[in-house]
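Here's the structure we're looking at; comments come further down.
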Amino acid sequence: MPHLTSTTADATGTGVRTALGVPGYAHPLVAPAQWAELARPGTPLDWVVLDVAAGPGSRPDPHCLDAAARLRAAGVRVLGHLDLTYGARALGDLLSDAHRHLDWYRVDGFLLDRCPVERTELPEVRRAITALRAVSDTARVVLGHGRHPHPGYAEIADQLVTFAGSWSDYRWSQVAEWTAGHPADRFCHFVHSVPRGHLDEALRIARWQGAATIYFTDRTDGGGRVDPWETMPGYWDEIVSRVGTGVSE
């Protein structure tokens with residue numbers, strides 16, 4: 001399998017400490033039990049994305065305020081969702097959304113979704129991140145590329161989402177060689193449609209490819225018609241147990 005050729009991490013998985021990065025569930029009013037589950041003590045979470053309404057929304061949402069407060073009380077890092085629209089988003093609009101996320105929900109950072117990958121777009125993304133850090137100098141910034149970008153992006157953010165897609169693509173995926181020069185906590189993988197019986201294999205791929213933050217789910221995208229991330233995996237307890245204990249083999 002192509003991922004076995006990677007040199008980004010020890011093939012035994014011992015050099016990578018894995019945690020969960022949650023792309024964001026359905027609104028807490030619709031999925032209260034799922035949001036409550038994220039605040040359960042001992043859950044191995046790196047961060048959880050809060051997406052109120054394609055961003056922070058136009059006014060504070062009481063259900064999201066409560067969900068964010070519960071996560072903070074549990075020591076979970078909350079990231080506000082910001083949409084870069086592949087570089088087309090005006091910086092002023094982006095910063096306005098960032099301020100609302102910070103003022104209302106006291107987020108710990110941001111997931112910049114639909115981030116471009118090209119070298120030509122790198123200066124504008126760097127400018128946006130610099131502006132965000134001026135707003136909050138402690139903010140964790142995660143770039144949601146969904147595939148490997150130009151390596152320069154790794155120099156301007158805390159973490160990159162370098163895979164977002166289906167299990168059928170992930171199990172044959174290849175890691176970019178330049179990632180070997182960075183620690184595993186710089187990379188994140190989102191994979192949907194992962195069968196329960198392939199969880200161990202999926203975890204091994206993530207560790208071989210040097211991604212310390214992962215989110216695997218058995219939910220599907222319905223051929224592009226539904227969001228596979230908005231519902232908790234059917235095997236949530238199992239993946240929490242495997243990630244939390246470092247089980248990979």
Side-chain angles (χ1 to χ4, degrees), residues 1 3-24 37-49 71-79 107-111 138-149 151 153-165 167 170-171 173-192 194 196 198-218 229 232-233 235-249:
M1 298 174 70
H3 58 262
L4 297 181
T5 64
S6 168
T7 59
T8 60
D10 181 353
T12 65
T14 56
V16 179
R17 295 288 296 178
T18 308
L20 297 168
V22 180
E37 179 67 20
L38 294 177
R40 187 174 68 177
T43 304
L45 293 170
D46 189 353
W47 39 259
V48 174
V49 175
L71 290 173
R72 285 199 310 273
V76 177
R77 183 188 287 127
V78 179
L79 304 183
V107 298
D108 304 292
F110 307 99
L111 171 70
T138 62
R140 182 170 184 81
V141 177
V142 179
L143 299 182
H145 304 282
R147 57 194 177 101
H148 287 98
Y153 285 91
E155 307 299 332
I156 63 174
D158 296 298
Q159 195 173 54
L160 312 181
V161 179
T162 53
F163 185 93
W167 167 243
Y170 189 60
R171 68 185 310 187
S173 64
Q174 299 186 52
V175 66
E177 292 185 4
W178 63 261
T179 63
H182 300 275
D185 62 7
R186 303 296 299 280
F187 303 105
C188 173
H189 293 169
F190 296 156
V191 190
H192 65 75
V194 182
R196 183 188 299 268
H198 288 278
L199 272 178
D200 282 347
E201 183 183 355
L203 286 167
R204 285 195 295 269
I205 293 172
R207 286 165 176 148
W208 279 324
Q209 293 198 3
T213 301
I214 57 98
Y215 187 80
F216 298 152
T217 180
D218 52 352
W229 319 119
M232 185 170 278
Y235 43 60
W236 174 254
D237 287 342
E238 185 172 345
I239 195 170
V240 165
S241 176
R242 290 175 184 274
V243 171
T245 59
V247 175
S248 63
E249 305 298 331

Minimum heavy-atom distance between [X] and [Y], given as atom pair plus value:
{"X": "A39", "Y": "A74", "result": "O-CB, 3.5 Å"}
{"X": "W229", "Y": "G165", "result": "CH2-O, 4.3 Å"}
{"X": "G109", "Y": "A139", "result": "CA-CB, 3.9 Å"}

Salt bridge present between D218 and R196 (N-O < 4.0 angstrom): no

Side-chain ion pair, E201 and R204, N-O less than 4.0 Å: no

Parallel, tilted or perpendicular: rings of F163 and H189 (30°, 60°): perpendicular

Aromatic ring pairing Y170/W167, orientation class (parallel under 30°, perpendicular over 60°, tilted between): tilted

Heavy atoms from other residues, nucleotides or ligands near CZ of R147 exceed 12 (cutoff 6.0 Å): no

Flag, side chain of R186 to backbone of D158, donor-acceptor distance under 3.5 Å: yes

Is any side-chain heavy atom of [X] less than 4.5 Å from a side-chain heavy atom of [Y]?
{"X": "Q159", "Y": "L111", "answer": "no"}
{"X": "V243", "Y": "L203", "answer": "yes"}
{"X": "I239", "Y": "I214", "answer": "yes"}

Test side-chain contact (heavy atoms from CB on, under 4.5 Å) applied to T162 and Q209, step by step: CA-CA 10 Å; T162 53; Q209 293 198 3; over 6 Å; no

